[in-house]
Novice: 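Right, I'll just put the structure down here and ask away after.
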Amino acid sequence: MEEDEHQDGKQSRLSEKISVEHRRVATPPDIPRGPSLLEPTSSDPLEEPQWRSPSKIGHTGSLDGDGSRQEKAAISGESEGSKAPDGGYGWVIVFAVFCIHVILDGIQFSFGMLLPRIVEEFHATQTAVSWVVSFLMGTTFFCGPVASFLSEKYGHRIVAIGGAIIAFVGAVAGSFSTQVWHLAISYGFLMGVGFGGIYLPAIVSVATWFDKRRALAMGIAVCGSGIGIFALSNLIPIFMEEYGLHGTLLLEGAIVFNALIFSALLRPLPTRKAVKADKSDRRSSVELENLDSKHAIARKEAEAAAARAAESKVSHKTSGLMKALPFFGLWEYWVMLAVVAISGFSGYIPFSFLVDRAEKEAEVERKDTALLVSICGGLNLVGRLLAGVLAVQPWCNRYLLYLSAFIISGVGTFFSIYCTTFTAFAIYGGVYGFTGGIIIALQSVVMTDIVGIENFSKAFGISLLVLGAAALGGTPTAGAIVDANNGSFHLAFMIFGALMAVGGVVFLPVPFSKFLQACVKRRSRNSAAAASSAAAVDA
């Protein structure tokens, strides 16, 4: 009897426990928001952290308690938990991209220091040597769409590291060149492919880690270019004197190798994954399975609704290509591409020929040309940094600032034919470097404003393709004009200066259209406010 009573008591307590557990599962409790659930599971700074708890799981079944918000996030391609933090590790990304620009742009824009020595040592024409820098700059940008595709598939860090390795191999191979075409293939094409693999992932990484501070972060990141130009323009003459042309190219390869280190810092945004059972959690496994199933169903429903909303939005006006590249339907983007093409074709001519011009037309000694390039690079740094600061000010129109830099740069290049002294060349170089810094700092920011951050990677990749194709023909064309005019640079600088100014004029409809849209919105708000006031008075 006692054993039967003991057995009945155990069964009664078990039934009561099951009943309590059932009531707990039927009413899911709030998920704790204590710090233990939000700690990353990995301490490796180069490893993407895995989070232990999802963000804002509501009781309605949606991931954040707001179905419309979830649908918008799915349409824009942003996943829950991947919102730009506007700081934190993002500043490490800015530092890494800053150093990458020191290396990449420092080598590219200081090529003018190498050009006269290459002409002398290889007994080549201006046109032939121009193909080296043309391949270098053109291929860097031409690889943009490929780098964008690979970045979306494998991640920015992997692609940038691969590009750094390729660039290093190209730079080292260039040091063994014996003819100009050897240099064009190794130092120009191969290193350009590597630079292309680094450049787009670096820029897009900054854009994805920042939102409200994006313009400032981008301005700081790209101003590394000015530091690189300033540093290498002073180091290259020293390298030339001590180690010669081939030794200088080998040392540039060693500098390029450092891009591998900074590429490894391009960590992606952290994502928050599904709730997992943890030993420290005292909730039962039944409860967690119930929550997981509800959240999985809600996630699938939100994704399906977002897909239907996206398809209904674009199906009536876009083809298959337009669905993949929705920004192709924006006329502002096509205007931007036209400006980018003009910039690529004409914008790199002064950097390539400024040193040679100063030596021939102003009789500047070769040892003093480093100061000329340093002035250009220093003010390029100031322009980039200033553009980043101004672009986030509410009173600053970044579109007007962008096109104004084009016009000033073009006018300055056109009238640089009257420079006959070192001082005059220094003033022109400063103006060109300053405006060029503004253009480069604002280019990605303006494009993000036009196409949106969700389309930025693809849109920027295509713009780099256009930029690379234009840059591929710009420098050789200028070199051919110089050779056809018995070594005179005047006609080339007049033509390409006029093209730069035209680029600013071509972009003018974009800010004008934005101004008209703002006027229409303001008028609509005023009309609505007046109607509301009249209705209140009548009542």
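Computation of the quantities below employed the complete heavy-atom set of this structure, encompassing side-chain atoms and omitting hydrogens, waters and symmetry-equivalent molecules.
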Novice: Tell me if a side-chain donor or acceptor on Ser513 pairs with a main-chain N or O of Pro509 at a distance below 3.5 Å.
Specialist: no
Novice: With the side chain counted from C-beta on, respond yes when Tyr199 and Leu464 share a heavy-atom pair under 4.5 Å apart, and no when they do not.
Specialist: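 With C-beta onward as the side chain, the pair touches.
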Novice: Could you tell me whether the side chain of Ser404 and the main chain of Leu401 form a donor-acceptor pair under 3.5 Å?
Specialist: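 Here the side-chain-to-backbone pair does not exist.
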Novice: Do Phe210 and Trp91 pass the side chain to side chain contact (heavy atoms under 4.5 Å, CB included) test, and can you show the C-alpha distance, the side-chain angles, and the key distance before you say yes or no?
Specialist: CA-CA 9 Å; Phe210 289 87; Trp91 294 116; 3.7 Å; yes
Novice: If only side-chain N and O atoms count, and only distance matters, is there a donor-acceptor pair under 3.5 Å linking Ser233 with Ser374?
Specialist: yes
Novice: Check whether any side-chain heavy atom of Cys99 lies under 4.5 Å from a side-chain heavy atom of Ile103, and answer yes or no.
Specialist: no
Novice: Side chains of Leu114 and Leu249: does their closest heavy-atom pair fall under 4.5 Å?
Specialist: yes
Novice: Between Asp449 and Lys514, is there a salt bridge with N-O shorter than 4.0 Å?
Specialist: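 Between Asp449 and Lys514 there is no salt bridge, as every charged N stays at least 4.0 Å from the carboxylate O atoms.
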Novice: Roughly how far, to the nearest 0.5 Å, is CD1 of Ile203 from NE2 of His101?
Specialist: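 Going from NE2 on His101 over to CD1 on Ile203, the span is 4.0 Å.
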Novice: Keeping Ser409 on the side-chain end and Ala405 on the backbone end, is there a donor-acceptor pair under 3.5 Å?
Specialist: no
Novice: Relative to the ring of Phe415, is the ring of Tyr418 parallel (under 30°), tilted (30 to 60°) or perpendicular (over 60°)?
Specialist: parallel
Novice: Would you please test Met240 and Leu245 for side chain to side chain contact (heavy atoms under 4.5 Å, CB included) and show each step?
Specialist: CA-CA 6 Å; Met240 285 284 196; Leu245 176 62; 3.7 Å; yes
Novice: State, without any angle test, whether Thr248 and Arg117 hold a side-chain donor-acceptor pair at a distance under 3.5 Å.
Specialist: no
Novice: Between Ser134 and Trp131, is there a donor-acceptor pair closer than 3.5 Å when you use the side chain of the first and the backbone of the second?
Specialist: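 No.
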Novice: Test your reading of the model: is there a side-chain donor-acceptor pair from Trp209 to the backbone of Arg267, 3.5 Å cut-off?
Specialist: yes
Novice: Checking Ser177 side chain against Gly174 main chain: does a donor-acceptor pair fall under 3.5 Å?
Specialist: yes
Novice: Report yes if some heavy atom in the side chain of Phe460 is under 4.5 Å from a heavy atom in the side chain of Val451; otherwise report no.
Specialist: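 A side-chain contact is absent here, since even the closest heavy-atom pair is not under 4.5 Å.
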Novice: Check Val506 against Ala338 and note the closest heavy-atom contact, atom names and distance.
Specialist: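 Residues Val506 and Ala338, closest heavy atoms: CG1-CB, 4.3 Å.
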Novice: Would you find more than 12 non-hydrogen atoms of other residues, nucleotides or ligands less than 6.0 Å from Tyr333 atom OH?
Specialist: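 Atom OH in Tyr333 is crowded, with more than 12 foreign heavy atoms closer than 6.0 Å.
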Novice: Parallel, tilted or perpendicular: which fits the ring planes of Phe489 and Phe353, with parallel below 30° and perpendicular above 60°?
Specialist: tilted
Novice: Angle between ring planes, Phe95 versus Phe262, binned at 30° and 60°: parallel, tilted or perpendicular?
Specialist: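 The rings of Phe95 and Phe262 stand perpendicular, inter-plane angle above 60°.
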Novice: Do Phe406 and Ser343 have side chains that get closer than 4.5 Å, going by heavy atoms?
Specialist: yes
Novice: Distance-only, no hydrogens or angles: does the His246 side chain make a donor-acceptor pair with backbone N or O of Ser175 under 3.5 Å?
Specialist: yes
Novice: Tell me whether the count of non-hydrogen atoms from other residues, nucleotides or ligands lying under 6.0 Å of CD in Glu121 goes above 12.
Specialist: yes
Novice: If you take all heavy atoms of Ala147 and Gly197, which pair is closest and at what distance?
Specialist: CB-CA, 4.4 Å
Novice: Atom CZ in Phe195, atom CD1 in Ile100: separation rounded to 0.5 Å?
Specialist: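 It is 11.0 Å, given to the nearest 0.5 Å.
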Novice: How far apart are the closest heavy atoms of Ala259 and Ile198, and which atoms are they?
Specialist: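 Taking Ala259 first and Ile198 second, the nearest heavy atoms are CB-CD1, 4.1 Å.
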Novice: Once the angle between the rings of Phe493 and Tyr428 is folded into 0 to 90°, is it parallel (under 30°), tilted (30 to 60°) or perpendicular (over 60°)?
Specialist: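 The rings of Phe493 and Tyr428 stand perpendicular, inter-plane angle above 60°.
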Novice: For atom CZ of Phe422, decide whether the heavy atoms of other residues, nucleotides or ligands shown that lie under 6.0 angstrom number more than 12.
Specialist: yes
Novice: Val510 versus Tyr402: any side-chain heavy-atom pair under 4.5 Å?
Specialist: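 No, every pair of side-chain atoms sits at 4.5 Å or beyond.
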Novice: Show the nearest heavy-atom pair for residues Phe122 and Gln179, with the distance to one decimal.
Specialist: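 Smallest heavy-atom distance, with atoms named: CE2-N, 3.4 Å.
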Novice: How far apart are the closest heavy atoms of Trp334 and Phe328, and which atoms are they?
Specialist: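 Scanning both residues, the minimum pair turns out to be NE1-O, 2.7 Å.
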Novice: Find the distance between CZ (Arg357) and CZ (Phe425) and round it off to the nearest 0.5 Å.
Specialist: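 Rounded to the nearest 0.5 Å, the CZ-CZ separation comes out at 4.0 Å.
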Novice: Is the closest side-chain donor-acceptor distance between Thr140 and Gln108 under 3.5 Å?
Specialist: yes
Novice: Please walk me through it: do Phe111 and Val132 pass side chain to side chain contact (heavy atoms under 4.5 Å, CB included)?
Specialist: CA-CA 9 Å; Phe111 182 82; Val132 178; 3.8 Å; yes
Novice: Show the nearest heavy-atom pair for residues Val180 and Ala128, with the distance to one decimal.
Specialist: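 Scanning both residues completely, I find the closest heavy atoms to be CG1-O, 3.7 Å.
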Novice: Starting at OG of Ser488, measure out to CD of Glu361 and round the result to the nearest 0.5 Å.
Specialist: 6.5 Å
Novice: How many angstroms lie between atom CG of Leu390 and atom CG of Asn397, to the nearest 0.5 angstrom?
Specialist: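 So the gap between those two atoms works out to 11.5 Å.
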Novice: Using side-chain heavy atoms (C-beta onward) and a distance below 4.5 Å, is Leu403 in contact with Pro511?
Specialist: yes
Novice: Measuring from atom OG of Ser205 to atom CG of Leu200, what distance do you get when rounded to the nearest 0.5 angstrom?
Specialist: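 The OG atom of Ser205 sits 9.0 Å away from the CG atom of Leu200.
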Novice: Run the numbers on Ile236 and Glu252 for side chain to side chain contact (heavy atoms under 4.5 Å, CB included), then give the verdict.
Specialist: CA-CA 9 Å; Ile236 286 177; Glu252 285 193 352; 3.6 Å; yes
